[in-house]
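Any value given below was found using the heavy atoms of this structure, including those in side chains, with hydrogens, waters and symmetry copies removed.
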Amino acid sequence: MDDTSSVADSKAFLAFSTYATIVILKMMLLAPVAWYFCFTHKVWVYTNKLDDAETAEDVERVRRCHQNDLENIVPFVVIGLLYALTGPDLSTALLHFRVFVGSRLCHTVAYLLPLPQPSRALAWLVGMIVTFSMAYQVFRTAHL
Amino acid sequence: MDDTSSVADSKAFLAFSTYATIVILKMMLLAPVAWYFCFTHKVWVYTNKLDDAETAEDVERVRRCHQNDLENIVPFVVIGLLYALTGPDLSTALLHFRVFVGSRLCHTVAYLLPLPQPSRALAWLVGMIVTFSMAYQVFRTAHL
Amino acid sequence: MDDTSSVADSKAFLAFSTYATIVILKMMLLAPVAWYFCFTHKVWVYTNKLDDAETAEDVERVRRCHQNDLENIVPFVVIGLLYALTGPDLSTALLHFRVFVGSRLCHTVAYLLPLPQPSRALAWLVGMIVTFSMAYQVFRTAHL
């Protein structure tokens with residue numbers, strides 16, 4: 001609306017750039033982790049059809065973690081970009097981005113160690129709620 | 001080119017925001033659906049290696065539907081964003097976005113019920129054609 | 001900073017539009033390729049649980065190639081978009097985009113023929129390095 005709003009908008013966009021890049025890099029780093037598990041378990045093809053159930057478990061876990069990242073980080077990036085362009089309050093936007101990045105880091109740790117179950121589901125849920133909150137804001141602004 | 005065009009551009013972008021958010025939320029809601037199928041079928045790990053073929057069929061179908069969404073909605077969001085920024089005619093842009101969102105909703109319904117085959121393939125094809133049509137428009141504008 | 005920079009920014013964004021669209025269309029075309037393999041091998045459901053190991057190998061390869069594209073092209077598109085908005089030098093930006101698109105085309109060819117292994121891993125590595133280089137540039141500009 002006025003100059004201040006336009007500056008806040010721009011700062012929210014810069015913040016989005018930083019956090020989106022962090023979370024995307026984290027996702028990309030799962031590919032080397034999957035390789036590492038494949039090598040240490042002497043599984044030479046990164047496939048879904050593994051005979052040894054013990055081996056399959058570890059490699060499958062990394063693969064499912066990567067898939068879960070794709071299914072959650074892609075929506076965050078798309079809706080977060082649109083959200084950043086609606087000119088949100090900077091501190092609110094930072095809160096959204098930081099909570100999401102934190103929840104995904106917790107999710108990956110809980111998936112790979114692995115931690116006992118409620119931890120991973122909670123981390124996933126927090127990420128979902130943040131994305132829905134940003135989607136609500138996008139709908140409120142960009143109604144058609 | 002002139003002020004009117006710039007306003008239309010902006011409106012096309014707002015329309016894109018709305019429809020992209022709708023279709024991304026639809027994709028995210030498949031995760032709870034997959035959980036629901038896992039619980040009702042007493043499959044406690046959402047994996048690809050299930051012994052009971054009957055059980056596997058339902059859970060696998062949701063998983064494949066989610067994967068198909070990723071493979072089609074990601075291109076739509078990326079190309080749709082670039083298309084919205086080329087300053088298209090608002091009614092043409094709305095037609096593209098609405099047809100795509102409709103085709104993906106039909107695709108999900110056809111996948112999950114499931115409906116007999118030509119329905120799902122047709123819904124998928126309509127979505128592809130919309131994306132290619134927007135890609136053509138992007139190429140015409142952003143030639144290099 | 002000044003008019004020249006703003007024009008360069010805009011040109012880098014147009015270049016990004018073109019190359020992002022090319023690489024996304026290449027990814028989408030893997031779906032028909034997967035179908036083709038399914039039909040020629042008489043596999044009527046595009047699933048992960050195939051009995052015939054010989055058949056499974058070819059169809060699985062296309063599926064893994066598609067998945068690998070999703071896992072690498074999505075980060076490129078997101079980080080490339082943010083990178084294009086940091087107002088990079090046009091020739092540097094073009095170098096990044098062209099090398100990435102080339103590396104992914106090589107990766108797909110190496111995956112589908114298939115070529116002997118180091119080729120595919122090298123193509124993948126080049127794409128990763130380009131994405132990391134753009135991410136570094138985004139961090140340098142959009143620090144928070």
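- If you measure heavy-atom distances from C/Ile79 to chain A, the contacts under 4.5 Å come from the side chain alone.
- If you measure heavy-atom distances from A/Ile22 to chain C, the contacts under 4.5 Å come from both the backbone and the side chain.
- Ring geometry for C/Phe16 versus C/Phe76: interplanar angle of 30 to 60°, hence tilted.
- Residues C/Leu85 and A/Phe13 approach most closely at CD1-CZ, 3.5 Å, considering heavy atoms.
- Applying the side-chain contact (heavy atoms from CB on, under 4.5 Å) criterion to A/Cys65, with sequence neighbours excluded, gives A/Leu30, A/Thr108, A/Tyr111, A/Leu112.
- Highest contact tally toward chain C, considering only A/Asp69, A/Leu25, A/Val74, is held by A/Leu25 [criterion: heavy-atom pairs under 4.5 Å].
- Legend: residues meeting side-chain contact (heavy atoms from CB on, under 4.5 Å) with A/Leu113, ordered by chain and number and at least two apart, are A/Val109, A/Leu115.
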